[in-house]
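Data first, discussion second: the structure below is written as structure tokens.
Starting from 1, each residue takes its place in the sequence as its number. Numbering of ligands and ligand atoms starts at 1, following listing order.
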Amino acid sequence: MLKLFKYLRPYALSIAVTLALVFANSIAELSLPKMMSRIVDEGVATGNVALIWSIGGRMLLIALAGVAASVTAGLLAARSSMGFGRDLRAKVFSRVSSFSLRELDTFGAASLITRTTNDITQIQQLVFMMQRMMAAAPMMAIGGIAMALSTEPKLSWILLVVIPVMALAIVLLALKGIPLFKAIQTKIDALNRVMRESLSGIRVVRAFDRVDHEKRRFDGVNADLTATTLEVNKLMAFLFPFVMLMMNVTTVMIVWFGGLGVGSGDIRIGSLMAFIQYAMQIMFSVIMVSVIFIMVPRASASATRINEVLDVSPEIVDPASPRRPASAKGEIEFRNVAFGYGGSSEPALKDLSFVARPGTTTAIIGGTGSGKSTVINLIERFYDVDSGAVLLDGVDVREMAQDDLRASLGLATQRPVLFSGTIADNLRFGGADASEEALAKAAEVAQASSFIAEKEGGMGAPISQGGVNVSGGQKQRLAIARALAKRPRVYLFDDSFSALDFKTDAKLRSALRKETSDATVIIVAQRVGTIRDADQIIVLDEGSMVGRGTHRELMRSCDVYREIVASQLSAEEAV
Ligand code: ADP
Ligand code: MG
């Protein structure tokens, strides 16, 4: 946790002022009972009204100053701790944004969200409480004891009995509470994960009539979290009545033994009253310490989880001195590339070599799981190759700045993702300054103009979150238009035509060919019809290239390709 406190540095001054104010307030609170005892013992006892007024006036001023200090300290502490939380969230978010997909997979989205929200809130609260209490508690405890001793030494043995008993109880509670607090954070993770899964899979859940099953699953993690939280609260429920009991017992003891002293004339009434107040202040400071005791373990569990995120050094980073290709043509080359996702035993790509030249179309075909999308992922450098190299215009993508690399690429992913906003906003995703005409042209080529025109507002029509108000095929066409509007040198279409009917597919491809005549085009497809005219077709089978050439050449030379063609032809004939 200490590691995270370095993010407090910008707030050092504010924290110092807060602590000073808290300190001042403690002194004010400590001085009041003593003054009150003087009013009682010297003023009231002797009927000295002038003394009562003068001490009373001073007490009022001190009390007001204490309140002002306390309020200001509260405001400052809130500002600095909230600022600290904001900085930390920004830090975690920017770190997560630089994660490679592999690193995102390790944490999981649910856990990353909990870490950025709930976990940071824990630490932020601790920072706030520490400023309010850390300085006040020891000051009040030590100062209180000193003041109590100086007011009435004859009663101080009572404190010697009571304080150790309280301290022991708090230590025992903390020991029992710490593991529970750690468990709570991971249980919140589990809850978030189940919630996310059943929300994002809501269609499947309903279609397969698994709503009850999901409810039970949620009830399971929910009950688990509740049980642990209850356990913690049982401990807390015990703590506060116990402290109250101790306070009352202490008061009774002081009044009892003090009363005897007053009777015998050893102790004065005012001192007795002051002593009771000091005892309360001391015990109150013990409670403050115990609150911190309770918060620290929970926050430190959270801090560990945040540090786990911050400590990842992203595997995909820009090199110190990035290289730029001498000429920006858009040639993509795979040189003996091998790659595995790590978790699975089989490598996803084995010894893959090919060149995709500008002005030509390279198609990649193969069964599901044959590694087609993996090729695209490696070109985009979502992952780094295990051996071999991927080159853009002769430069290894690992030696380029990621911005430069991705500025050259226009990707339409297998599962298109749209963002909330208008259609135009979505199309401008790749280039904010694209003109109206450029957008219209991109939509035209992507065969999206007709359905955009039908929508109310045209280009200004809203897309809802996740793009649920457009169909799968419309989504694909918008994703293609988005890639086109970017006007990159390399187009990557990962199975982007799968949801289109044959006619639209054909129209789109012929428009595309004109539009992308100078660019490098890489098309991943399942349908032979989509890629038949490509300049070169790469046939993948379980991560290996089993054929490369034109449709005609492959029909002669490649068994796997012939099989694919045969299966699809028979399917089409059967219709
Ligand atoms: P496709 O040809 O259908 O696009 P992919 O390139 O997506 O195939 O996947 C190739 C292989 O890699 C498959 O066996 C798949 O299970 C595996 N794979 C894909 N993505 C991941 C991932 N994020 N983590 C682990 N394995 C993956
Ligand atoms: Mg795929």
Side-chain angles (χ1 to χ4, degrees), residues 96-112 193 196-197 200-201 312 314-316 332 334 336-354 356 361-388 390 397 409-417 472-473 475-476 479-480 483 490-500 505 521-531 534 536-548 554 558 560-561 563-565 567-568:
V96 170
S97 307
S98 70
F99 275 6
S100 73
L101 297 187
R102 204 196 301 259
E103 286 149 357
L104 284 177
D105 291 347
T106 5
F107 285 101
S111 181
L112 285 173
R193 191 174 54 243
R196 254 183 77 93
E197 269 180 18
S200 56
V312 173
E315 58 174 346
I316 295 189
I332 297 280
F334 271 57
N336 306 105
V337 168
F339 173 76
Y341 283 99
S344 59
S345 47
E346 272 289 289
L349 287 179
K350 289 165 235 162
D351 194 28
L352 180 64
S353 301
F354 71 89
T361 299
T362 300
I364 302 175
I365 196 167
T368 47
S370 56
K372 305 184 297 294
S373 298
T374 308
V375 171
I376 305 286
N377 287 340
L378 293 181
I379 298 175
E380 285 275 356
R381 203 176 169 216
F382 293 148
Y383 299 89
D384 272 343
V385 297
D386 294 336
S387 68
V390 178
V397 293
L409 310 175
L411 169 68
T413 50
Q414 183 163 12
R415 265 173 295 164
V417 177
K475 225 191 270 185
Q476 278 197 336
I480 294 168
V490 183
Y491 289 91
L492 307 170
F493 297 112
D494 187 358
D495 230 342
S496 302
F497 309 103
S498 58
L500 307 182
D505 183 357
V521 179
I522 298 184
I523 297 183
V524 168
Q526 305 270 359
R527 286 206 296 254
V528 175
T530 310
I531 53 138
Q536 76 172 333
I537 299 171
I538 292 167
V539 187
L540 285 182
D541 188 29
E542 296 186 352
S544 308
M545 184 163 77
V546 291
R548 189 178 73 192
L554 288 172
C558 181
V560 178
Y561 188 72
E563 269 168 37
I564 297 174
V565 172
S567 68
Q568 295 192 1

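If you number the atoms of ligand 1 from 1 as listed, the ones under 4.0 Å from a heavy atom of S373 come out as 1 (P), 4 (O), 6 (O), 7 (O). For ligand 1, the atoms sitting less than 4.0 Å from at least one non-hydrogen atom of T368 are 3 (O), numbered in the order shown with element in parentheses. Short contacts between ligand 1 and D105, defined as distances under 4.0 Å to a heavy atom of the residue, involve ligand atoms 23 (N). The ligand atoms of ligand 1 that sit less than 4.0 angstrom from a heavy atom of T374 are 5 (P), 6 (O), 9 (O), 10 (C).
Protein atoms of type N/O/S that fall under 2.8 Å from the Mg ion (ligand 2) number 2 in this view.
Defined by atom type and a distance below 3.5 Å, a donor-acceptor pair is missing between the side-chain atoms of T413 and D494. A donor-acceptor contact under 3.5 angstrom links the side chains of T530 and D505, judged on distance only. No side-chain donor-acceptor contact under 3.5 Å links T374 and Y383. S498 and Q476 share a donor-acceptor pair across their side chains, judged by distance under 3.5 Å alone. A donor and an acceptor atom, one from each side chain of D541 and Y561, are nowhere located under 3.5 Å apart.
For K350, the salt bridge (Lys or Arg N to Asp or Glu O under 4.0 Å) partners two or more places apart in sequence, or in a different chain, are E346.
The proximity of A348 to ligand 1, defined as any non-hydrogen pair under 4.0 Å, is limited to the side chain.
Heavy atoms only, all atoms of each residue included: L500 and R527 are closest at O-NH2, 3.1 Å. Considering all non-hydrogen atoms of both residues, A483 and L411 come closest at CB-O, 3.9 Å. Smallest separation of non-hydrogen atoms from A534 and I537: CB-CG1, 4.1 Å. Across R102 and D384, no two heavy atoms sit closer than the pair NH2-O, 4.1 Å.
Judged by the shortest distance from any of its heavy atoms, S370 lies inside the 4.0 Å radius around the atoms of ligand 1. At least one heavy atom of G367 sits under 4.0 Å from some atom of ligand 1.
Around atom 21 (C) of ligand 1, the closest heavy atom drawn from F382, Y341, Y383 belongs to Y341.
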